[in-house]
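Encoded as structure tokens, the structure appears first; notes follow it.
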Amino acid sequence: SRLTFDPPIEEEDLERYTFNIVPDRDPVPRIDDLSQNYQRISCTSDPNAPVDCHFGVRSLCEILYTCGSEGRPIPCDCVNKFEYPDPDQIDETGATFTDFCVE
């Protein structure tokens with residue numbers, strides 16, 4: 001919440017300078033303030049674990065898989081921890097995701 005900061009963040013600054021990512025089933029945005037600028041995204045966590053939707057890395061993975069990574073590497077956690085599919089290729093040498101992200 002903006003009031004937990006010292007000094008508190010003014011509501012007009014929140015509206016002007018912030019952008020919220022709001023995963024579906026994330027319980028935190030339901031009880032906290034959203035700025036006027038926000039984007040809703042999907043969450044692939046287990047339906048019985050909605051708090052898992054609040055993790056920033058999971059949200060980053062969802063954005064990268066939904067919008068694309070423009071050839072940049074996908075974080076290993078997207079596949080290894082959050083069970084997104086392996087990307088086809090990491091670079092022009094033909095290296096695969098598994099070549100870089102073995103647990």
Side-chain angles (χ1 to χ4, degrees):
S1 174
R2 67 184 177 85
L3 301 177
T4 61
F5 292 92
D6 187 22
I9 297 172
E10 298 297 323
E11 188 168 352
E12 98 179 17
D13 289 338
L14 182 69
E15 300 297 340
R16 185 173 181 186
Y17 298 114
T18 62
F19 184 87
N20 294 123
I21 300 296
V22 184
D24 62 357
R25 296 185 296 113
D26 181 350
V28 175
R30 296 174 189 194
I31 59 172
D32 203 359
D33 299 329
L34 284 178
S35 70
Q36 68 181 0
N37 302 309
Y38 65 91
Q39 178 65 50
R40 296 194 183 278
I41 63 171
S42 296
C43 177
T44 61
S45 76
D46 183 294
N48 295 320
V51 129
D52 289 351
C53 293
H54 193 67
F55 296 122
V57 174
R58 183 185 292 274
S59 294
L60 174 63
C61 293
E62 180 63 28
I63 291 166
L64 289 172
Y65 273 87
T66 301
C67 301
S69 66
E70 296 293 319
R72 292 182 295 273
I74 300 292
C76 296
D77 277 353
C78 294
V79 173
N80 297 337
K81 186 175 181 182
F82 302 124
E83 300 179 357
Y84 282 87
D86 287 9
D88 293 331
Q89 186 177 337
I90 294 290
D91 62 18
E92 56 279 340
T93 67
T96 65
F97 180 83
T98 305
D99 293 334
F100 288 101
C101 292
V102 177
E103 280 191 46

**Request:** Could you walk me through whether Thr18 and Asn37 pass side chain to side chain contact (heavy atoms under 4.5 Å, CB included), step by step?
**Result:** CA-CA 7 Å; Thr18 62; Asn37 302 309; over 6 Å; no
For residues 52-64, which side-chain N or O atoms pair as donor and acceptor with protein atoms under 3.5 Å away, sequence neighbours left out?
from  : atom 1 : to    : atom 2 : distance (Å)
His54 : ND1    : Asp26 : OD1    : 3.2
His54 : ND1    : Asp26 : OD2    : 2.8
Arg58 : NE     : Asp52 : O      : 3.2
Arg58 : NH1    : Thr44 : OG1    : 3.2
Glu62 : OE1    : Tyr84 : OH     : 2.5
Glu62 : OE2    : Thr66 : OG1    : 2.9

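Residues Tyr65 and Ile74 are in side-chain contact: their nearest non-hydrogen atoms beyond the backbone lie under 4.5 Å apart. Two residues are said to be in side-chain contact when any heavy atoms from C-beta on lie closer than 4.5 Å; Asp77 and Phe82 meet this criterion. Side-chain contact between Pro85 and Val79 is absent, with no heavy-atom pair separated by less than 4.5 Å.
Looking at Ser42 and Asp24, their side chains never bring a donor and an acceptor atom within 3.5 Å of each other.
Of the inter-residue distances, the one linking Arg16 atom CZ with Glu11 atom CD reads 15.0 Å to the nearest 0.5 angstrom.
Listed for the Asn20 side chain is no donor-acceptor partner under 3.5 Å among the backbone atoms of Val22.
Hydrophobic clustering, with ILVMFWY side chains joined whenever heavy atoms are under 4.5 angstrom apart, keeps Ile31 apart from Val51.
Closest of all the heavy-atom pairs between Arg25 and Arg30 is CA-NH2, 3.5 Å.
For Gln36, the CD atom is densely surrounded, since the number of other residues' heavy atoms within 6.0 Å is greater than 12.
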